[in-house]
Number of protein chains: 2
Amino acid sequence: MKNLLNKYLDFERKIETYTLALKTMLYDSSTIAPKNGNDYRNEKMAELSGEIFSIKTDETRYKILNDLKDSDLSIALKKQIFYQLEDLDKLRSIPKDRYIAYNLLINKAEKIWEDAKEHSDYRMFEPTLALVVEMTKEIYTYRDSETSLYERMLDDYEPESTEMFYDKFFSEMKNTIIPIILDLPTKVFSFAYKDFSTEKQKDFCSFIVNFLNFNSDSLYIGESSHPFSSSFSIDDSRITNRYNAFDFSSSIFSLIHELGHATYNSQVDREYQGMYIADNMSYGMHESQSRLYENQLGRQPAFWHNNYPKLQNLFSDQLKDIKVNDFIEFINYATPSPIRVEADELTYCIHIIIRYELEKGLFNGTYTTKDLDKVWNEKYHDYLGLTINNDSDGILQDIHWSNGSFGYFPTYALGSAYAAQFYSAMEKDLQIEKLLLNNRFDVINNWLKEKIHHDGGIYRSKEILLRATEEEFNPQYYINYLTKKFKGN
Amino acid sequence: MKNLLNKYLDFERKIETYTLALKTMLYDSSTIAPKNGNDYRNEKMAELSGEIFSIKTDETRYKILNDLKDSDLSIALKKQIFYQLEDLDKLRSIPKDRYIAYNLLINKAEKIWEDAKEHSDYRMFEPTLALVVEMTKEIYTYRDSETSLYERMLDDYEPESTEMFYDKFFSEMKNTIIPIILDLPTKVFSFAYKDFSTEKQKDFCSFIVNFLNFNSDSLYIGESSHPFSSSFSIDDSRITNRYNAFDFSSSIFSLIHELGHATYNSQVDREYQGMYIADNMSYGMHESQSRLYENQLGRQPAFWHNNYPKLQNLFSDQLKDIKVNDFIEFINYATPSPIRVEADELTYCIHIIIRYELEKGLFNGTYTTKDLDKVWNEKYHDYLGLTINNDSDGILQDIHWSNGSFGYFPTYALGSAYAAQFYSAMEKDLQIEKLLLNNRFDVINNWLKEKIHHDGGIYRSKEILLRATEEEFNPQYYINYLTKKFKGN
């Protein structure tokens, strides 16, 4: 047994090493890498993915996992092996050469998407998207499963979620939220779109890192066209941000959001360092932590009590006549807008629902990539009353489809719903407002650590919710939160 | 044969993939990585090095290389296989666990050196340096060779170089150069040490990239405590720089230097992309290209004819009264100073000779790490007339010994000597001054490409010198260049 376990741990060490190498290359590639090196680098990243794939699907490892799965091991190891066998059954269904080809395709597609977005031309990207969809279908067809292709994708991002589950959740959301959106008053916050130096935005971001009690010696903030977060280890969080001089609040809330992700990974028990379960949380669960940071916490008045004066001080020209209450009103203002990542928390879920409906349609045959931009624009018109004028503000805005991440979007809304439920539980234990007023974000982080973070990905979302909130998933928290906040505003 | 060749190329592809991953991790680690992640990251980098080592030393690969070595292949492949077998005979001598342990040690040592340098305390580093020396001895003892331990190290950085060769070269240098140094007049250039905004220094560096005709879409310039260059591929050059507001010329000449390295790699024939011989030039040969850029080209008046007005324009406050000739005098001023990387080209070789004498002494038993700082300071006093006041300006200034790079330093002086010989040959073919005045650095780069760069690492230094200059190595070019420039100044 000892020997078997050591062999298993040797495999894991190798996988973790190559995975960290690949994460480093991906982060490099998305932030600083010179573009002329893309082709060669993409080829090498695809090869490295292929190597990881080979090691994961190695017959010896598969046998070892099966031999170990009923052994007397720690809960963490037992769970880890269970999840890894589950993953492996998915992976083993894919022929290696097809897996490498798929990775090569999506690496290239990402760069083509970037170019197309820059030119705001869906036609430049459509043939590539068609290939990605086709090949994604192929990859999921290999998997032995009774469920629809799209449901297999959903399951990869949020285990045990189904089309029926999302259909029900999203239909409730649409019924409640769309009428509220159509009834929203409009207001103009002209102060917010003046020229705010990006260098000073970065300075303010450093204050926020500090306020959120994140150890800056464990963090690097790069720049990329789309903010993201990547955990290199418990003590090494990489996030990215983007800075727009004429939309200063964007970098602030992106930062808070990404630090929500980073805090999750950084508060996992140290004994899981380098283990698979240190970083295999579901996408929905991970998103719940970033949304909780960004919305429930980051947008409430108490959060800004000590931080707004600092902001005002940095941007004295732009904000000298703007009271904290005006600022609070601005950051909680909801109105339909075309860009998902810039959307307020009310209209946000509709952006997700539109993508869900499109993805589902692409894989069950209702839609094709050919006219997908039209369908996109129609739904934006019907659900949000918006006219989309160019593709970069429409169908080309998100990176996800270019890298084959279908089934990912719905977890953003699900994460928002989890967040509302967690916040409600947190409120029972902590005087959140007082903690924010007194710069005690550490207490909030400790609650999250104890209730959610320290276990890493040992438990599935259902169990985490039950442990942390003593209740099953209940979307009503999210609906009530939004309704209370935005109805009849 | 076809089959054998394909198997060989599969090995090569894997090695190149892992090597690029490791380079990316090293670049990341030296530039942006948060320090709390060091331990885990170092462990993983050591594991990745270990994997590369395993693949390189795989018995099957060794057999394939031997089976292929006399086959009918292209010159490039034949040479590549010859060098790889040579490397392999060195590597195969080292037990894998010792190799991993060594990599782990030097990764840690680099961070300890960094800390010690920050605290300017050699005592903090000395025990670690002692370990590194001990383990370096062990690693080289495994190698089956008739030569001294230190000579084995010298051979790794400059194949076929010997202690006798360097002893002779350096004794000639000392005899000629030390008297010139002791006779140097002193002059103060107070304008050069005012406050020069580091942001504007970066802007000026962009001009220089352009002037040197380097494609900026194939380049990224990061920041690190010690400037270096790493070639990710022919189209992806990574260099670093450091910016000191009170020593503006440092970032300029570091940039020119590192771009000399980057240009070498970027002008290798495209058919060698991803091959070992695209990036296995000797250290001395690589350094010759950076020195040629930095000194013979970068410091001559014609280089500054069009560039100085731009510099003056950027720093109008600091340079408004400084004529181009004053600036030229400043950048060609020679005087003893404690820091190697900031040294002028005259005293530079003495910095190297001191390190050579210390390294040689460490490995033949004359010196130990215990008092090495004293020996360092004595030699700086004797050869350069300097009193070293603190370790960070003394024995702790360079990263090399912390990562076990003994035998590396001498190649810096050798590269400078190669550079002088190349420049003399270039002068016969090109009107260099005119080209610089007319912004035609492309013609200079083309000469370098045709004579030196395009072959990558196919040929050894001796052969490259013979092909490019039609003469064997002759240190007299270097000695004459320095004597003519600095004697009786």
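Everything numeric here is computed off the predicted structure, so don't read it as measured data. Naming convention: chains lettered A, B, ... in sequence-line order (proteins, then strands); numbering from 1 in each chain. Reckoned from all heavy atoms, side chains included, excluding hydrogens, waters and symmetry mates.
Inter-residue side-chain proximity for A:C205 and A:N241 is flagged as met; some heavy-atom pair is nearer than 4.5 Å. A heavy-atom distance below 4.5 Å is found between the side chains of A:P34 and B:D236. Side-chain contact between B:R61 and B:Q84 is present, with at least one heavy-atom pair separated by less than 4.5 Å. Residues A:T263 and A:L212 fail the side-chain proximity criterion, which asks for heavy atoms closer than 4.5 Å.
Residues B:P227 and B:R242 share a closest heavy-atom pair of CD-NE, 3.8 Å. What you find for B:I234 and B:V268 is that their closest heavy atoms are CD1-O, 3.6 Å.
The environment of B:H226 atom NE2 is dense: over 12 non-hydrogen atoms of other residues, nucleotides or ligands sit within 6.0 angstrom. More than 12 heavy atoms of other residues, nucleotides or ligands shown are found within 6.0 angstrom of NZ on B:K23.
Residue contact with chain B, scored on non-hydrogen atoms closer than 4.5 Å, is absent for A:D39. Interface residue B:D28: only side-chain heavy atoms are found under 4.5 Å from chain A. Residue B:I32 touches chain A through both its backbone and its side chain, counting heavy-atom pairs closer than 4.5 Å. Only the side chain of B:N215 comes within contact range of chain A, with at least one heavy atom under 4.5 Å from a heavy atom of that chain.
In summary, the aromatic rings of B:Y293 and B:Y264 are positioned with their centroids too far apart to meet the 6.0 Å limit.
Classified by interplanar angle (parallel below 30°, tilted 30° to 60°, perpendicular above 60°), the ring pair B:F228/B:Y27 is perpendicular. Ring geometry for A:F248 against A:F196 counts as parallel: the plane angle stays under 30°, on a 0 to 90° scale with 60° as the upper cut.
At least one donor-acceptor pair under 3.5 Å links the side chain of A:K200 to the backbone N or O of A:L314.
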Assess the residue pair A:L255 and A:V209 against the criterion (side chain to side chain contact (heavy atoms under 4.5 Å, CB included)); give the C-alpha distance rounded to whole Å, side-chain angles, the decisive distance to 0.1 Å, and a yes or no. CA-CA 8 Å; A:L255 175 79; A:V209 169; 4.3 Å; yes
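Residues of residues 6-21 of chain B lying under 4.5 angstrom from chain A, judged on non-hydrogen atoms, are B:R13, B:K14, B:E16, B:T17, B:Y18, B:L20, B:A21 in numerical order. Contacts between residues 42-51 of chain B and chain A, defined by a heavy-atom separation under 4.5 Å, are made by B:K44, B:E47, B:L48, B:E51. Residues of residues 97-116 of chain A never come closer than 4.5 Å to chain B when only heavy atoms are counted.
Both the sub-6.0 Å distance and the 45° axial angle are satisfied by B:K202 relative to the ring of B:Y243.
Contacts classified as salt bridge (charged side-chain N to carboxylate O under 4.0 Å, His left out) and involving residues 268-277 of chain B (residues at least two apart or in different chains) are given here: B:D235-B:R270.
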